[in-house]
Amino acid sequence: MAITTLATSLSALVLLASLVSAQSAVYGQCGGTGWTGPTTCVSGSVCTYSNPYYSQCLPGTASSGSSSSASSSTASSGATPTISGGLPGATGTGKLHTVAKAAGKTYFGSATDNPELTDSPYVAILSDNTMFGQITPGNSWKWDATEPSRGTFTFTAGDAILSLAQKNSQLLRGHNCVWYNQLPSWVTSGNFDAATLQSIITTHCSTIVGHYKGDTYSWDVVNEPFNDDGTWRTDVFYNTLNTSYVATALNAAKSADSATKLYINDYNIETAGAKSTAMQNLVKSLKSAGTPIDGVGVQGHLIVGEVSSMTSNLAAFTALGVEVAITELDIRMTLPATAALYAQQKTDYQTVISSCQAVAECIGVTIWDYTDKYSWVPATFSGQGGACPWDASLLKKPAFDGIVNGFQS
Ligand SMILES: *[C@@H]1O[C@H](CO)[C@@H](O)[C@H](O)[C@H]1NC(C)=O
């Protein structure tokens with residue numbers, strides 16, 4: 001932290017030395033497209049991004065963390081907006097799906113969830129299909145939401161996501177058929193014999209995939225089958241059916257919608273290791289058995305400063321004859337956010353996207369919601385957050401620029 005503060009202060013001094021114009025007064029303009037006036041604010045105020053055309057000096061001092069008041073006041077210019085916490089924002093104005101398509105990818109997308117759809121500013125950004133050409137339902141297609149009691153299916157919430165995607169002309173990733181988590185207790189506590197549980201899986205997958213037949217680009221048919229050491233996760237499916245449940249689910253999905261791409265999805269398979277090897281071995285055995293499998297979903301729940309190239313690992317999957325996608329990307333940090341953490345996060349997003357860009361059969365990237373306002377991270381990892389490319393005020397962070405750079409690498 002001390003080194004970060006020193007570095008930030010030094011860069012602020014360099015910047016100050018290069019600025020000869022006066023500082024803007026409180027409530028004066030300090031940035032925006034075409035603005036040629038002062039881009040710093042008098043002491044006691046902070047240059048605050050309002051929209052691409054206008055930044056304004058508002059009373060207050062810079063946020064805590066490594067940025068001093070001097071660095072924050074000078075960090076803002078027409079080109080670098082200030083976002084929540086007085087931190088530097090993204091400079092790019094491109095649209096991510098458009099950029100991904102221009103780079104040869106099928107989509108750039110975001111997860112979303114039903115409770116968020118009452119938030120109009122959130123929905124407005126999500127619905128820009130040049131920004132997000134694909135959406136994934138965060139929860140409403142899961143087992144507990146779609147078959148809360150045996151044989152009784154409910155699609156009201158799920159269909160709201162379908163309607164949104166259709167209205168916006170966005171692709172859909174189905175998520176998911178078979179997962180150890182968010183299962184209703186009738187599944188986990190039913191003490192079903194193998195034949196019965198196999199039939200329950202077939203009914204569940206064929207019904208939900210069939211309900212959305214023709215509506216999805218792909219489906220996460222099996223989610224998170226492995227432990228981090230590459231052994232099979234001992235959930236109700238594995239414990240009752242051994243590994244055969246995977247083929248049961250894939251075959252059911254295939255017969256319900258022969259056109260959608262069938263994926264297995266997991267985390268901590270981004271780089272080489274026991275878990276990635278286990279997933280590759282599963283793909284090989286499914287392929288050799290003639291079981292339908294089209295893709296591997298690499299979730300990408302990552303940590304700022306701990307991201308390395310995924311290219312060779314993604315290529316190891318595609319060499320097996322499947323496509324890959326980054327399906328749940330977010331890159332979290334220990335809070336509070338600082339300018340230095342945002343800068344590292346930008347680098348880390350760029351590393352992930354450029355890894356996908358380097359592999360032709362890495363067909364798309366989905367972020368696990370686009371804004372920190374609705375990120376799952378703070379509730380799951382105590383003290384962590386800031387994982388998404390948009391901050392909690394729906395303003396673009398430097399990570400946005402990292403994504404664009406990655407596709408253009
Ligand atoms: C489980 O299936 C694997 C093959 O996927 C097999 O090698 C193993 O023997 C099976 N285990 C049991 C207990 O049947």
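One-based numbering, in listed order, for ligands and for the atoms of each.
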Can you confirm whether Thr327 sits close enough to His175 that some side-chain heavy atom of one is under 4.5 Å from a side-chain heavy atom of the other? no

I want to check something: taking the side chain as every heavy atom from C-beta on, are Trp390 and Ile125 in contact at a cut-off of under 4.5 Å? yes

If you compare the SG positions of Cys177 and Cys205, is the separation below 2.5 angstrom? no

Short side-chain donor-acceptor distance under 3.5 Å, Thr156 and Thr154: no

Sub-4.0 Å protein heavy atom near atom 11 (N) of ligand 1: yes

Look at atom 7 (O) of ligand 1 and say whether a protein heavy atom is found at less than 4.0 angstrom from it. no

Of Asn281, Leu282, Thr243, Asn242, the residue with the heavy atom nearest atom 13 (C) of ligand 1 is Asn242

